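Working notes, beginning with the structure itself.
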Amino acid sequence: MNLYKHVSNEINKKLGFSANLEVPKNRDFGDFSTNAAMVGAKTLHKNPRELANEFMPKLQELDFVKEVSIAGPGFINIKIKDDFILQNASAPTPMKAEKPLVIDMDYGAYNVAKSLHIGHLRTSIVGDTLNRIFKFVGHKTFSWNHIGDWGKPMGLVLAWIERLHPELPYFKDDFNPDTPVDYTIDSKELDTYYPSASALAKKDPEFQARAQEFKAKFQAGHPGYFALYEKFLAISLDSMNATVQRLNILPFDYDLGERNAAQYVNEVEKILDSKNMIYESDGARVINVRRDDDNAPIPPYMWKDSRGADTYDTTDLAAVYCRKKTDKPDIIIYFTDLRQSLHFERLFRVSDMSGIYPYNKFEYIGYGTINGKDGKPFKTRDGNAAGLNDIFDIANEAVRARVAESGKQLDNETITSIALAAVKFNDLIHDVKSDYIFEPNSVTSFEGKTGPYILYTAVRLNSVLKRANTDIIKQHDYELTGEERNLLIEIMDFEHTILSAYENRATDMVAYYAYDLCQLINNFYHNCPILRDDIDAKTKAGRLYIAKLAFDTLATAIDLMGLKIPKEM
Ligand code: ARG
């Protein structure tokens with residue numbers, strides 16, 4: 001049961017006001033607190049404390065109310081009856097939304113021929129957890145891995161390969177796609193092509209022009225360039241799949257990005273032309289997106305570059321058009337590094353102006369950077385910018401060292417799940433927009449607000465349940481201790497928390513919830529022995545029942561965060 005919703009609705013029904021129900025930080029004086037008397041006092045022109053006194057007996061009639069008391073200027077604290085808690089606490093199950101929405105989510109968005117950087121970590125982790133939350137609260141989602149497989153990097157990599165191997169037949173304009181070519185690319189080596197090419201293009205205008213020409217001809221369907229592109233595309237797709245597995249994120253509904261969107265460019269251009277939106281500027285074809293009330297300059301939308309090729313802007317608008325056709329989404333959400341926020345503001349404006357998709361149905365979630373202790377983007381020991389895989393390797397190493405020090409014997413799979421939890425939980429518990437410092441040692445600690453602490457709590461509780469080795473039955477007349485009561489109340493807050501996380505697009509709410517729940521589970525574990533010989537059968541059954549609800553609730557939270565509970569820890 002969603003206790004919050006139940007209590008809030010029943011109070012409002014009883015008193016006839018729509019008041020706010022609060023969850024006090026310290027629940028010693030009440031499980032909930034309502035401002036009903038303050039709201040009522042305004043409409044009825046009464047003194048709030050007096051009105052609170054009038055409300056008390058009415059509230060006392062509600063079947064779940066144990067005690068009511070007045071606090072401060074007229075807040076009413078409410079304590080819930082123990083037997084009501086025991087009767088109604090339940091393990092969470094996926095919810096039904098009152099109005100189920102179709103939500104398109106654009107995250108991950110990995111690039112072809114560019115190794116995954118640390119920025120891809122947050123979009124993947126936060127995007128995946130919000131996807132799981134949206135589904136859990138009853139919405140339909142479509143996740144789009146909008147792959148970067150069409151733009152400038154393709155031109156750069158093709159031009160780079162031409163420099164290395166000018167003799168390859170791919171570069172001939174009359175290349176026949178059926179020609180077998182004995183040429184393979186090593187995936188490690190491929191990772192170096194884009195950075196090298198992009199560095200060269202910066203200082204060599206001729207190479208830069210060559211890369212642009214490659215991009216334009218590739219987009220126009222040059223058979224040789226395309227065949228070569230397919231070689232490195234395959235390597236990149238493999239590494240993307242490996243990442244999805246390594247991160248334990250849900251498979252994407254669509255691994256379709258820029259290239260897929262490019263098919264819709266002509267249709268979209270007709271719409272733009274019919275509204276006379278495109279004009280020429282320095283040889284490029286652009287769209288003005290300025291508004292009178294802008295107080296910062298906002299560059300025009302680059303519909304086609306000066307060679308007539310598609311840009312990041314082109315394919316993003318075409319992708320909106322495609323998604324609207326395929327999914328008919330009620331909302332489209334993007335997750336990228338905050339530095340792209342202006343790009344998306346411009347996209348939303350163009351899309352709205354052209355009538356393709358309305359401005360107010362877009363959402364943009366921009367995240368901050370992951371820094372080292374020096375406050376600069378996190379680097380590996382050799383001083384290079386850390387890539388996504390480096391972060392996991394570093395976390396793995398830190399977990400391994402910690403485990404070795406404790407004298408525990410854990411297998412590789414367990415170590416990997418712990419490291420994954422360390423990185424992901426730390427990401428989820430930070431507000432998306434803010435930068436944070438990644439400190440491998442502290443995020444892998446088994447204590448405090450960390451992934452390993454969450455997993456450890458789950459493993460330990462699960463081992464009690466396994467050791468009990470008995471059917472667990474719902475208990476009706478069992479007298480709760482303070483720890484048991486607090487734990488059950490927290491369990492009954494689960495749905496309310498997830499709904500708030502959904503409404504606020506806030507993964508940190510789930511992470512904090514999991515942490516608070518673990519604190520209460522550990523209090524319960526230490527103060528309420530379950531399997532000890534001196535514990536009578538009734539108490540044992542009651543505690544096992546509570547332990548099971550707690551485990552199921554924690555496991556659901558863990559699943560929403562995309563973590564895996566190891567067998568032992
Ligand atoms: N591939 C881009 C990057 O790695 C992110 C793409 C985000 N999604 C989009 N529709 N533009 O930075």
Side-chain angles (χ1 to χ4, degrees), residues 103-128 130-131 141-157 191 194-195 198 215 232-233 236-237 239-240 243-244 247 249 252-265 268 289 299 301-303 310-327 329 331-351 356-357 361-370 377 385-389 391 432:
I103 307 177
D104 264 10
M105 307 179 77
D106 179 313
Y107 60 89
Y110 312 132
N111 300 314
V112 168
K114 269 169 91 178
S115 52
L116 295 171
H117 57 78
I118 206 167
H120 291 119
L121 191 73
R122 298 199 77 182
T123 169
S124 308
I125 296 175
V126 173
D128 179 64
L130 283 178
N131 187 5
T141 61
F142 291 104
S143 56
W144 287 79
N145 180 19
H146 184 77
I147 304 174
D149 53 2
W150 191 245
K152 193 166 128 202
M154 303 310 111
L156 283 165
V157 171
D191 281 347
Y194 173 77
S198 134
K215 173 182 140 183
F232 55 80
L233 175 68
S236 294
L237 290 178
S239 98
M240 287 178 209
T243 303
V244 168
L247 285 168
I249 62 177
F252 288 99
D253 293 306
Y254 302 98
D255 285 299
L256 292 177
E258 299 170 353
R259 183 156 67 104
N260 170 66
Q263 305 168 63
Y264 299 88
V265 166
V268 172
V289 292
Y301 203 73
M302 178 72 70
W303 178 246
D310 298 341
T311 69
Y312 192 53
D313 287 4
T314 320
T315 43
D316 254 339
L317 183 59
V320 172
Y321 179 82
C322 158
R323 287 170 199 183
K324 187 181 150 190
K325 266 183 122 147
T326 25
D327 300 341
I331 308 175
I332 304 182
I333 309 185
Y334 296 86
F335 300 74
T336 73
D337 185 309
L338 264 174
R339 281 172 292 194
Q340 292 194 34
S341 60
L342 186 59
H343 165 73
F344 286 100
E345 175 62 26
R346 289 159 59 247
L347 168 65
F348 301 168
R349 287 185 187 190
V350 170
S351 172
I356 289 176
Y357 194 79
K361 289 184 164 196
F362 283 112
E363 281 181 39
Y364 171 67
I365 298 184
Y367 47 82
T369 40
I370 305 180
L388 182 142
N389 283 318
I391 294 289
V432 195

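Just so you know, ligand 1 is whichever comes first in the structure, and atom 1 is the first atom listed for that ligand. Nothing here was measured: the structure is a model prediction, and the numbers come from that model.
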Open item on the list: For Tyr367 together with Tyr107, are the ring centres under 6.0 Å from each other?
Closed with: no
Task: All side chain to side chain donor-acceptor pair (under 3.5 Å) counterparts of Thr336, not counting sequence neighbours - done: Tyr364
TODO: Check each protein residue for a heavy atom under 4.0 Å from ligand 1 and list those that pass, ordered by chain and number.
DONE: Asp106, Ala109, Asn111, His120, His146, Tyr312, Asp316, Tyr334, Thr336, Gln340, Phe344
Task: Counterpart residues, salt bridge (Lys or Arg N to Asp or Glu O under 4.0 Å), relative to Asp337 (two or more places apart) - done: Arg339
Open item on the list: Taking side chain to side chain donor-acceptor pair (under 3.5 Å) as the definition, give me every residue that meets it alongside Tyr110, ordered by chain and number, with sequence neighbours left out.
Closed with: Ser124
Open item on the list: Is there a side-chain contact between Asp253 and Asp327 in this structure, where contact means two heavy atoms from C-beta onward sitting under 4.5 Å apart?
Closed with: no
Open item on the list: Is any side-chain heavy atom of Met302 closer than 4.5 Å to one of Thr314?
Closed with: no
